[in-house]
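First comes the structure, then the notes that go with it.
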Amino acid sequence: MRTITLLIIHCSATVEGKDITAKDIDRWHRDRGWKGIGYHYVVRLDGTIEKGRNEEEIGAHCKGHNSHSIGICYVGGLDKNGKPKDTRTEEQKMALQDLVRFLKKRHRKAIVVSHHTFNPQKACPCFDAEKEFKSI
């Protein structure tokens, strides 16, 4: 069993209102030559949580931190003009909170971080995950 120390929050960098699935992301990542979807969970616009990579598998979502993290991606992150924006629906916000709470119970020492914490050139996930999930 992997030791998980980080729950890393991402966005899919897709335009607000455009729903995609874990299967779509899996196809994109395979097209890049990866072995499949890099995230462990995807949160869709309606709050549905889809499984991506198995939690026991090392992810492909944050260079240098994949071996000890779980990658969580919400669909969205760009406004209608393609600029970074927190586009989460209320359903996504609730689902993310529930998922983080569930994962923190299983991985008590894990801390929640935004992807941009490790990759400052990116706005991903377009909100401050550390601040938002601090009380969990």
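When reading the values below, keep in mind they use all heavy atoms of this one structure, side chains included, and skip hydrogens, waters and symmetry mates.
Between the side chain of Gln92 and the backbone N or O of Val43 there is at least one donor-acceptor pair closer than 3.5 Å. The backbone N or O of Ile8 sits nowhere less than 3.5 Å from a side-chain atom of Ser69 that would complete a donor-acceptor pair.
Taking OG1 of Thr14 as the start and OH of Tyr74 as the end, the distance is 8.5 Å to the nearest 0.5 Å. For the atom pair CG (Leu96) and CD1 (Ile136), the distance works out to 9.5 Å, reported to the nearest 0.5 Å. Rounding to the nearest 0.5 angstrom, the gap separating the OG1 atom in Thr89 from the CZ atom in Arg44 is 11.5 Å. Interatomic distance, CG of Asp86 versus SG of Cys11, reported as 9.0 Å (0.5 Å rounding).
Looking at heavy atoms from C-beta onward, Ile72 lies in side-chain contact with Leu99 at the 4.5 angstrom threshold. With contacts defined as side-chain heavy-atom distances shorter than 4.5 Å, the pair Leu103/Arg101 does not qualify. Looking at Leu78 and Glu16, their side chains never come closer than 4.5 Å, going by heavy atoms from C-beta outward. Cys73 is not listed as a side-chain neighbour of Tyr41, based on a closest heavy-atom distance of 4.5 Å or more.
Applying the salt bridge (charged side-chain N to carboxylate O under 4.0 Å, His left out) test to pairs two or more places apart or on separate chains, those with a residue in residues 20-32 are Asp24-Arg27, Asp26-Arg30. Each salt bridge (charged side-chain N to carboxylate O under 4.0 Å, His left out) pair with one or both residues in residues 71-83, not counting sequence neighbours, would appear here, but there are none. Applying the ring pair (Phe, Tyr, Trp, His ring centres under 6.0 Å) test to residues at least two apart or on different chains, the pairs with a partner in residues 43-72 are His10-His61, His40-His61, His65-His68, His65-Phe118. Contacts classified as salt bridge (charged side-chain N to carboxylate O under 4.0 Å, His left out) and involving residues 57-69 (residues at least two apart or in different chains) are given here: Lys35-Glu57.
Alongside Ile58, the hydrophobic cluster contains no other residue (criterion: ILVMFWY side chains under 4.5 Å). As a member of the Ile/Leu/Val/Met/Phe/Trp/Tyr network built from side-chain separations under 4.5 Å, Val75 groups with Ile20, Ile25, Trp28, Ile37, Tyr39, Val42, Leu45.
Listed here is the closest heavy atom pair of Ala129 and Ser114: N-OG, 3.0 Å. Heavy atoms only, all atoms of each residue included: Ser12 and Gly76 are closest at OG-N, 2.9 Å. Taking every heavy atom of both residues into account, Pro125 and His116 meet most closely at CD-ND1, 3.7 Å. Minimum interatomic distance between Arg2 and Ile70 (heavy atoms only, all atoms of both residues): NH2-CG1, 4.1 Å.
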Item checked: Residues Val100, Ile9; criterion side-chain contact (heavy atoms from CB on, under 4.5 Å); working and verdict -> CA-CA 10 Å; Val100 167; Ile9 310 298; 4.2 Å; yes
Notebook entry, point to check: Should Phe133 and Leu7 be marked as a side-chain contact (heavy atoms from CB on, under 4.5 Å) after you check the CA-CA gap, both sets of side-chain angles, and the distance that decides it?
Noted result: CA-CA 11 Å; Phe133 300 117; Leu7 303 177; over 6 Å; no
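Taking the side chain to side chain contact (heavy atoms under 4.5 Å, CB included) definition, one finds that Glu132 meets it with Arg88, Phe127, sequence neighbours left out. For Phe102, there are no ring-ring contact (aromatic ring centres under 6.0 Å, His included) partners two or more places apart in sequence or in a different chain. Not counting sequence neighbours, the partners of Arg106 by the salt bridge (charged side-chain N to carboxylate O under 4.0 Å, His left out) test are Glu55. Residues passing the salt bridge (charged side-chain N to carboxylate O under 4.0 Å, His left out) test with Lys104: none are found, sequence neighbours excluded. The salt bridge (charged side-chain N to carboxylate O under 4.0 Å, His left out) test applied to Glu56 returns no partner, not counting sequence neighbours. Under the rule for a salt bridge (charged side-chain N to carboxylate O under 4.0 Å, His left out), Asp46 has no partner lying at least two apart in sequence or in another chain.
In this structure, a donor-acceptor pair under 3.5 Å is absent between the side chains of Thr21 and Glu50.
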